[in-house]
Structure formats: C-alpha cells, structure tokens
**Q** 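My questions will all concern the structure given below.
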There are 2 protein chains.
Amino acid sequence: MNDKATASQAERKRGEGVKFVYDILRDDILDLVLPPGSPIDEVQLAERLSMSRTPIREALVRLAGEGLVTTLPNRSTVVSNIDFLNLHTFFDAMTLMYRVTTRLAAQARTAADLETIRARQQEFARAVETHDALAMIAANRDFHAAIAEAGRNPYYTGLFCRLLDEGRRILRIYYSSFDDHLPHRYVVEHEDIIAAIEARDVEAADRLASAHADQIVRQIQEMIARDRRQQIAL
Amino acid sequence: MNDKATASQAERKRGEGVKFVYDILRDDILDLVLPPGSPIDEVQLAERLSMSRTPIREALVRLAGEGLVTTLPNRSTVVSNIDFLNLHTFFDAMTLMYRVTTRLAAQARTAADLETIRARQQEFARAVETHDALAMIAANRDFHAAIAEAGRNPYYTGLFCRLLDEGRRILRIYYSSFDDHLPHRYVVEHEDIIAAIEARDVEAADRLASAHADQIVRQIQEMIARDRRQQIAL
DNA sequence: TGTATTTTATTTGTCGACAAGAATTTCCGC
DNA sequence: GCGGAAATTCTTGTCGACAAATAAAATACA
C-alpha cells in the first residue's frame, strides 16, 4: 500500500517502531488509501512491516485516541467513518478555530513566525499554480497550522490540527470529481491574512479568517451538493 | 495507592484490562495522588494490579495522547507537569469553551438535556453546602460537561473536557490552602446559566458563561497569588 | 579526594506464544 | 432445501521472556 512500508523495513532503531507504523497508518488514513470503514488487520500489518503486533497495537491505540480509528471490543479495529450527518458541527468548529488562531497569531507573532508562514504560503501558491489539488490540500493545512503555531496556544493548535486533518479526508473524497482548476482566490485571501498578521491588526485578521473559513465551508458544501446530484443522475 | 486497585484484581473480563488501568491512573493523576513529575513504573504497576505490562503500556499510550503523561523515549514515563508559565493559554481556551458550549446548549438543548443539567447542578449545590471542595470540583466539571453535551458538538466537548480535567488538577493544588468556605455565588451563577439555556436565550447564555469563566479565572489567579505570598513568607 | 571508565543493574521496547471471543463453516434434523 | 446447533477457523487481548538502551555502581587512575 505505502511505499515507505517496504523501503526501510530492516534497519529501524529501537523505540521508533511505534512512530513508524503510526505515521504510515495516519498518512494512509488521511489520504484515503485506507477509506473509512476499512478493517485494519494487525497480523497482516505486522507481516508487511516485518515487526511484532505489539508496536502496531500501540500505534492503533494512539490513532484511536485521535479518533482516526475505532476499536470495536474483541472485534476488528476499523478506520473511523466520516459523520456526514453532523458535518455542520465540523464546519462550526473549523470556522471558530480559523478565527481564534488567526487572531492570536496577529497578537503574538514574531518575525520568525512570519517567515515560516510565508514559506508555507509559497508552497501553497506553487501547488495552486501547478493545479496539484492534493498538494494544495496538504500545503493549506501546513499554512494554517503555522499560523496557529504563531498564536502559541497548544490547546487551540491541537484541536485545529485535528480539524484540518479531518478536513483533508473530506476534501480528498471530492477532489476526484473536482476538475483540479483551483481558485486563485484562496492565494489572495491567504496574502491578506498574512498582511493582517504582520500589521498586528487583530480585528482585520479575525474578519479575514472568518470570511476565508466561510469560503471553504461553502466550497465543500457545494462539492457535496454537486456529488449528490451526480449520484442521483446515475 | 488506589483502593480500586486491590479490590477487583482477580476477576476481570477479557478486553477491559486496559480501561481498568487507564481509569485508575487517570483518577490518580487528576486527584494528584500521582503529582506532576511522578515516574510511573510499569513493572511495579503490573505487579500491583496483577497483570502483564502490555495492557499497562497501552493505557500509558492513551494517557500520553491526552497529554496527562509524558513518555521520554527509552526512559521512564512521568506524569505531565502543569505549565504555570503559560497558564494564560489555558485560561484563554477555557473561557472560550465555556462561552461556545453554553451558547450551543442554549440553541440545541432538549428537555432531557435540561433534566441532566439540573441533576448535575443539584449535586454541585450539595457539594457547596457540605463544604466539600473536592466534590465541588468534580461536580462543577460534570455540570459544564453536561452543558457541552447538550450543545452536541463533539469537537468542542472533547477539548472542553480536557480543559476541565486540567483545571481539576490545578484546583486540587490550591484547595489545600483554600479554607473550604466555598462561595455560594457559583451556585447562583449556574442557576442563571440554566435559565438562559432553558429560555434558549443565546446571547444571555454567552454573556453569563463569559462572566462565570472570568470569575473562575480570577479565583484561580488569586489563589496562585496568595500561594506565592505564602511561599515568600516562609 | 575527585574524576574518568568499566561493570553491573534496572527498565524499556519488542517478540513469539497462547487462550478467550467472535465469525465462519460444517453438519444435522426437519 | 432450509434453519439451527456444533465445530472449526480467525482474530484479539494478554502473558512471560529477551535484548537494547539507559542509569547506577564499582573500579581505576591522577
């Protein structure tokens, strides 16, 4: 499934076995290589990564803690489903965290923070230019995570990153039907947000982040609606 | 250390071993039976609970995911420290979650929710009456968790409960010096919040929750300041 | 006596194995 | 042929053991 799996299977230092399998599983889940509902076979995984079941189970416990997998007692553990019925709670939390983290960044950012944020924005712009939807999703995540880091509230960054990851999963679903023609608008909006953070203009940062979040929510909802129509048409 | 440990050591169903040790450790950590910085000896725990190290390690991984313990690679795992230098980030997040969850509860509460909330409030009032500080802390947590549940946003309830737990740890530290004469004011404030939720008055709920949060933050800061003075006096 | 170095001891991370539950298949009565 | 009980296969949760990594102790040396 994952290339990294077969690659460095032999030489692995003691103590990083759990992190190894955790990273692989996490990536595969967020990239939908393992779609929601997929059962995760411990034995099979252990064979493929040529390691014991113990570190794999510990990685699964960690993933379960983050809500990425669900462990049915005495039954198989499966990749967590996306709760489409309650997506509004996701959008609500997402919007709030966009606002809060951007506000805090405008208050607390250092010069170094700005530099990091700009670097992420550049990666994002490049992804948009090259029409690489998947890279764009990842870059967008890193961009906003960098802003959250600049806000220096680990409680917010924790929840926000979790939400961004969940969003990555949702977007992956619809970016197959989306024709990779990515709106340049997001790049501009990001630039505006950076400007507000640099100017330490908290209110502007809040307003822009709020508008940006609304954009994204609207886009996702539109994609869902389009997908619904398509399914009915079939 | 914990009574429950020695109690039902023999008969334990398969599959609940991890939850068993998780609950014990969690309680001990939040009640400061295991103070911050305490090393957790896997072997010792295994002997005391008469079980293998495997389920204990999985419980520790889970606790590490919630930030309650810190695992130093190839070294012992210790109970996480309370970051007093950055308490303001805690207060900030706490206040926001108080507001958001109470707002949502005012929007989405059902009759059943109100009943649960009222029950928790009664327990809280009883704890205040009997001057039982420790019971009050726990009841307060349950009261606000019930409100958050009524808001029906798992992302918010997740973060909020984590914050409430961390607050429980912080309060425990200072309630030894606090003379158990608990302010009746909190009971009244809770009643006001309930009334706003019942009336579905979102703005009032927000305002009251905000004021309530400020109260609590102020009280904690006051306790810290008093403690500082006391330490200097000694 | 104090410091550097080797030796010992403790503790962690990982492994293979086994037994309890669940899922599946087989077998039997109708 | 079909529904249900018994047996089998599979998977999970737990265990004891071992080896790497670290901490502690003992020894050598200046």
Side-chain angles (χ1 to χ4, degrees), chain A residues 1 4-26 28-29 34 37-65 67-80, chain B residues 1 4-26 28-29 34 37-65 67-80:
Chain A
M1 291 184 179
K4 276 174 286 182
T6 50
S8 59
Q9 55 182 353
E11 355 67 44
R12 204 167 32 244
K13 278 151 222 152
R14 170 196 171 84
E16 59 186 31
V18 176
K19 185 175 165 35
F20 179 72
V21 48
Y22 169 83
D23 285 339
I24 289 180
L25 279 179
R26 191 188 133 88
D28 281 358
I29 292 172
L34 294 173
S38 310
I40 297 180
D41 188 339
E42 298 175 6
V43 179
Q44 196 178 314
L45 247 179
E47 273 177 25
R48 188 151 62 82
L49 306 185
S50 58
M51 58 184 355
S52 155
R53 273 176 55 224
T54 311
I56 284 164
R57 294 194 104 245
E58 291 187 6
L60 287 178
V61 171
R62 210 169 135 193
L63 288 167
L68 290 178
V69 303
T70 311
T71 356
L72 322 178
N74 275 324
R75 216 97 42 80
S76 68
T77 75
V78 297
V79 177
S80 295
Chain B
M1 288 186 178
K4 276 174 286 182
T6 50
S8 59
Q9 55 182 351
E11 356 68 42
R12 202 163 36 241
K13 278 151 220 152
R14 172 196 170 86
E16 59 186 30
V18 176
K19 185 176 165 34
F20 179 73
V21 49
Y22 168 83
D23 285 338
I24 289 179
L25 280 178
R26 191 187 133 89
D28 281 358
I29 291 172
L34 293 172
S38 309
I40 297 181
D41 188 338
E42 297 175 7
V43 179
Q44 196 178 314
L45 247 180
E47 273 178 25
R48 189 150 61 82
L49 306 185
S50 59
M51 58 186 348
S52 157
R53 273 177 54 225
T54 310
I56 284 164
R57 292 194 104 246
E58 292 188 6
L60 286 178
V61 170
R62 211 169 135 194
L63 287 167
L68 289 179
V69 303
T70 311
T71 359
L72 322 178
N74 277 322
R75 217 100 39 84
S76 67
T77 75
V78 297
V79 178
S80 295

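To find a chain, count down the sequence lines: A is the first, B the second, and so on, and within it residues start at 1. Quick caveat, the model's predicted, so the values are computed rather than measured.
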**Q** Return the set of residues passing side-chain contact (heavy atoms from CB on, under 4.5 Å) with A:Pro73 (not counting sequence neighbours), or none when no residue passes.
**A**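 A:Pro73: no side-chain contact (heavy atoms from CB on, under 4.5 Å) contacts found.
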**Q** Consider the side chain of B:Asp41, meaning its heavy atoms from C-beta on, and name the nucleotide among C:dT12, D:dA23, D:dT11 that approaches it most closely.
**A**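 The answer is C:dT12, which lies nearest to the side chain.
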**Q** Let me know the distance between CD1 of B:Ile56 and P of C:dT12, rounded to the nearest Å.
**A**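 For the pair B:Ile56 CD1 and C:dT12 P, the rounded distance is 11 Å.
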**Q** Have a look at A:Ser76 and say if it touches a base, only the backbone sugar-phosphate, or nothing, with a 4.0 Å heavy-atom cut-off.
**A**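 The residue A:Ser76 makes sugar-phosphate contact but no base contact.
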**Q** Tell me every residue that passes salt bridge (charged side-chain N to carboxylate O under 4.0 Å, His left out) with B:Arg26, counting only those two or more places apart in sequence or in another chain.
**A**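 Checked B:Arg26 against salt bridge (charged side-chain N to carboxylate O under 4.0 Å, His left out); matches are B:Glu66, B:Asp165.
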**Q** Which nucleotide wins on minimum distance to the side chain of B:Arg75, given the candidates D:dT12, D:dA23, D:dT14?
**A**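 From the listed options, D:dA23 comes nearest.
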**Q** Rounded to whole Å, how long is the line connecting atom CD of A:Glu42 with atom C1' of C:dC15?
**A**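 Rounding to the nearest Å, CD of A:Glu42 and C1' of C:dC15 are 15 Å apart.
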**Q** Report all interatomic pairs (protein N or O, nucleotide N or O of nucleotides 18-20 of chain D) with separations under 3.5 Å.
**A**
unit_1: D:dA20; atom_1: N3; unit_2: A:Arg14; atom_2: NH2; d: 3.3

**Q** Distance check, rounded to the nearest 0.5 Å: B:Phe20 atom CZ versus B:Leu25 atom CG?
**A**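 With rounding to 0.5 Å, CZ (B:Phe20) is 10.5 Å from CG (B:Leu25).
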**Q** Can you list everything that forms a side-chain contact (heavy atoms from CB on, under 4.5 Å) with A:Val69? Sequence neighbours excluded, please.
**A**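 Only A:Ile29, A:Ile40, A:Leu63, A:Ala64 meet the side-chain contact (heavy atoms from CB on, under 4.5 Å) criterion with A:Val69.
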**Q** Which whole-number value in Å describes the distance from A:Glu47 CD to D:dC10 C1'?
**A**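 After rounding, the gap between these two atoms is 13 Å.
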**Q** In whole angstrom, what separates A:Glu58's CD from D:dT12's P?
**A**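 After rounding, the reported distance stands at 16 Å.
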**Q** State which residues pass side-chain contact (heavy atoms from CB on, under 4.5 Å) with A:Arg53; sequence neighbours excluded, sorted by chain then number.
**A**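 A:Arg53 satisfies side-chain contact (heavy atoms from CB on, under 4.5 Å) with A:Glu42, A:Val43, A:Ala46, A:Arg57 once adjacent residues are dropped.
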**Q** The side chain of A:Ser52 is closest to which nucleotide in this list: C:dC15, D:dC15, D:dT11?
**A**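 So the side chain of A:Ser52 is nearest to C:dC15.
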**Q** Please identify each residue that fulfils side-chain hydrogen bond (donor to acceptor under 3.5 Å, both in side chains) with B:Ser52, with sequence neighbours left out.
**A**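 Partners of B:Ser52 by the side-chain hydrogen bond (donor to acceptor under 3.5 Å, both in side chains) criterion, ordered by chain and then number, come out as B:Thr54.
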**Q** Report the distance from atom CG of A:Leu60 to atom P of D:dT11, rounded to the nearest whole Å.
**A**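 Atom CG in A:Leu60 sits about 15 Å away from atom P in D:dT11.
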**Q** Would you mind reporting whether A:Ile24 and A:Leu45 have side-chain heavy atoms less than 4.5 Å apart?
**A**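 No, too far: nothing below the 4.5 Å cut-off.
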**Q** Please report the distance, rounded to the nearest Å, between CG in A:Leu49 and P in C:dC15.
**A**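 After rounding, the reported distance stands at 10 Å.
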**Q** Considering heavy-atom distances to DNA chain C, does A:Pro73 or A:Gly17 have its closest nucleotide positioned more toward the 5' end?
**A**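 On the 5' side of the pair lies A:Gly17.
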